[in-house]
Novice: 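Below you'll find the structure I mean.
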Amino acid sequence: YKVYTGPPIEVIVLASSWPCLTFGVRPFTNNLEAMVLAFLLVVVSTNVNIKEDIQTAATNSTNMMAHARQRTSGAYTLLLIGATCSVGIFVRFTFAFFAFPVVALFLWHRWKNISFRLPLIVYDGLWLALSFLITSFAFIWVDTQYYAEQQWLACDGTPVCLDKAGTTLSTMLKYMAPYNALRYNSKSSNLAEHGIHPRITHVGELLLRY
């Protein structure tokens with residue numbers, strides 16, 4: 001018999017899948033969003049064993065070192081998930097809708113195995129929030145520096161314009177990309193310029209991606 005030397009069967013299945021044929025040929029940000037979502041799924045799927053290790057360590061009060069190691073390992077996973085979610089949202093704000101069920105299911109299984117203990121839930125929430133906020137602040141700060149400089153260059157020495165071109169909290173909020181994208185896409189008049197389609201199609205997109 002002939003030995004198959006072609007691409008792995010997983011690659012063929014992925015390349016011929018309906019979501020890839022439908023969304024993989026869409027604009028650049030759609031591909032980036034799909035890539036970040038795939039990375040998030042990899043992070044979650046490769047760390048599902050953490051919840052079992054935490055449960056084992058938590059039930060053994062004498063194994064404090066093992067429990068500490070699992071908390072540290074879980075913290076690294078939560079930091080990575082938080083940073084990944086921030087990157088995805090700054091790629092496309094719709095990433096939040098795709099990432100929410102993944103993260104929610106991960107946390108639900110994780111918290112279920114620790115009997116939904118409030119201190120551990122707060123511990124997980126703090127790590128997620130810390131990672132998400134730091135990564136988001138980095139994006140906002142870089143965008144603010146770039147666009148504020150562009151505005152400053154466009155002022156051409158006008159004093160009032162120069163005062164508004166500084167890097168302040170208001171200007172940082174002004175250049176928050178996901179918020180601006182949400183504002184733009186929430187107005188039907190803006191969407192009409194690109195062609196309006198029934199909102200129910202977004203549900204189909206969500207189902208196809210999973």
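Computed from a predicted structure; not experimentally measured.
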Novice: So if you build clusters from Ile, Leu, Val, Met, Phe, Trp, Tyr with side-chain heavy-atom gaps below 4.5 Å, do Leu78 and Val122 land together?
Specialist: no

Novice: State, to 0.1 Å, how close Phe95 and Thr84 come at their nearest heavy-atom pair, and which atoms those are.
Specialist: CE2-O, 4.1 Å

Novice: Let me confirm one number: the CD1-OG distance from Ile81 to Ser86, rounded to the nearest 0.5 Å.
Specialist: 13.5 Å

Novice: For Glu33 and Thr94, which heavy atoms make the closest approach, and how far apart are they?
Specialist: OE2-OG1, 2.7 Å

Novice: Search all heavy atoms of Gly82 against all heavy atoms of Leu128 and return the closest pair with its distance.
Specialist: N-CD2, 3.8 Å

Novice: Is there a path from Phe116 to Leu120 through hydrophobic residues (I, L, V, M, F, W, Y) whose side chains come within less than 4.5 Å of each other?
Specialist: yes

Novice: Quick one, Gln145 and Trp141 - any side-chain contact, counting heavy atoms below 4.5 Å?
Specialist: yes

Novice: Rounded to the nearest 0.5 Å, how far apart are CG of Asp143 and CZ of Phe90?
Specialist: 7.0 Å

Novice: Val87 and Phe39: side chain to side chain contact (heavy atoms under 4.5 Å, CB included), yes or no, with the steps?
Specialist: CA-CA 11 Å; Val87 172; Phe39 181 76; over 6 Å; no

Novice: How many angstroms lie between atom CZ of Phe93 and atom CZ of Arg183, to the nearest 0.5 angstrom?
Specialist: 12.5 Å

Novice: About how many Å separate CH2 of Trp127 and CG of Leu130, when rounded to the nearest 0.5 Å?
Specialist: 6.5 Å

Novice: Say you draw a straight line from CG of Leu80 to OG of Ser131; how long is it, rounded to the nearest 0.5 Å?
Specialist: 7.5 Å

Novice: Applying side-chain hydrogen bond (donor to acceptor under 3.5 Å, both in side chains), can you list everything that pairs with Asp124, at least two apart in sequence or on another chain?
Specialist: Arg110, Trp111

Novice: Looking only at heavy atoms, which two atoms of Tyr123 and Ala75 are closest? And how far apart?
Specialist: OH-CB, 3.6 Å

Novice: Side-chain heavy atoms nearer than 4.5 Å, only ILVMFWY residues, links allowed to pass through others: does that put Met35 and Val42 together?
Specialist: no

Novice: Roughly how far, to the nearest 0.5 Å, is the SG atom of Cys85 from the CZ atom of Phe132?
Specialist: 7.0 Å

Novice: For residues Ile89 and Leu133: do they belong to one hydrophobic cluster (side chain heavy atoms under 4.5 Å, members Ile, Leu, Val, Met, Phe, Trp, Tyr)?
Specialist: yes

Novice: Do Val142 and Tyr146 have side chains that get closer than 4.5 Å, going by heavy atoms?
Specialist: no

Novice: Please say yes or no: joined through hydrophobic side-chain contacts below 4.5 Å, possibly via intermediate residues, are Val91 and Leu182 part of one cluster?
Specialist: no

